[in-house]
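To start, the structure itself, in structure tokens.
As a basis for the values below, the full set of heavy atoms in this structure was taken, side chains included, without hydrogen atoms, waters or symmetry mates. Every number for a ligand or one of its atoms is a count from 1 in the order of the listing. Sequential numbering from 1 along the given sequence is applied to the chain's residues.
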Amino acid sequence: MTEVTLTDVIKRYGQHQAVHGINLDIQDGEFVVLVGPSGCGKSTTLRMIAGLEDISGGEVKIGGRVVNDLPPRERNISMVFQNYALYPHMTVRENLGFSLKIAKRPEAEIERAVTEAAQILGLDELMERKPAALSGGNASGLPWGARSCASRMCSCSTSRSQILMRNCGLRCGSRSRSCTRKSGIQ
Ligand code: ADP
């Protein structure tokens, strides 16, 4: 994992300002949840961190490096979308480790990453189950775990915050940020 810093970050779509100067300092290993009404700029903020949106103003740093102009593939960051697909024919263990396996990472590293993610998500007793045999809550956390394994540095999720908070908040230490339609994320 690594630290992520946003300084006075804004996003404009033409005349419409979607993000109003967010300042955020996320420490190495910290678990942060952005909370706010629909349309207040949560997804846009995550997309700017991941590099999927240009930044209209301000600065985004990942690991102390300004990434404003860095393409997504060079940011070593993963993003889980609400409808992220799991591989239904694979077990929880195989889904979690799949990205590292195709990246040909050493077995020991894959095992370590998979075990860590499964423990955080409370899936360690369910490793041999397939996604269809999981409860809704467990199945919803699994994509985050898979992406977390794929990128050990940083993960963004566009939803499922309640599940992530329930599964990870107490163990990882969580911090919530609220945002309002008027002033953007605070
Ligand atoms: P949230 O994730 O908090 O629901 P978004 O970040 O998706 O909100 O959207 C923030 C604001 O930016 C909304 O008013 C939305 O309509 C607007 N917006 C998002 N994407 C675009 C886009 N591609 N073009 C124009 N406006 C956009």
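The distance criterion of under 3.5 Å between nitrogen or oxygen atoms is not met by Ala18 with respect to ligand 1. On a distance-only criterion, Thr45 and ligand 1 share no N/O pair closer than 3.5 Å.
Atoms of ligand 1 lying under 4.0 Å from at least one heavy atom of Ser43, given by number and element, are 1 (P), 2 (O), 6 (O), 7 (O). Against a heavy-atom cut-off of under 4.0 Å, Thr44 is close to the following atoms of ligand 1: 5 (P), 6 (O), 9 (O), 10 (C).
Listed by chain and residue number, Glu111 satisfy the side-chain hydrogen bond (donor to acceptor under 3.5 Å, both in side chains) test with Thr115 (two or more places apart in sequence, or in another chain). When the side-chain contact (heavy atoms from CB on, under 4.5 Å) test is applied to Glu74, the partners found at least two apart in sequence or on another chain are Leu70, Pro71.
Aromatic ring pairs are classed by plane angle as parallel below 30°, tilted from 30° to 60° and perpendicular above 60°; the pair His89 and Tyr87 is perpendicular.
Taken from CD1 in Ile10 to CE in Met48, the straight-line distance is 9.0 Å, to the nearest 0.5 Å.
When the options Arg47, Met48, Glu53, His16 are ranked by their closest heavy atom to atom 14 (O) of ligand 1, first place goes to His16.
No donor-acceptor pair under 3.5 Å is formed between the side chain of Asp28 and the backbone N or O of Glu3.
Contact annotation: Gly39 has at least one heavy atom less than 4.0 Å from an atom of ligand 1.
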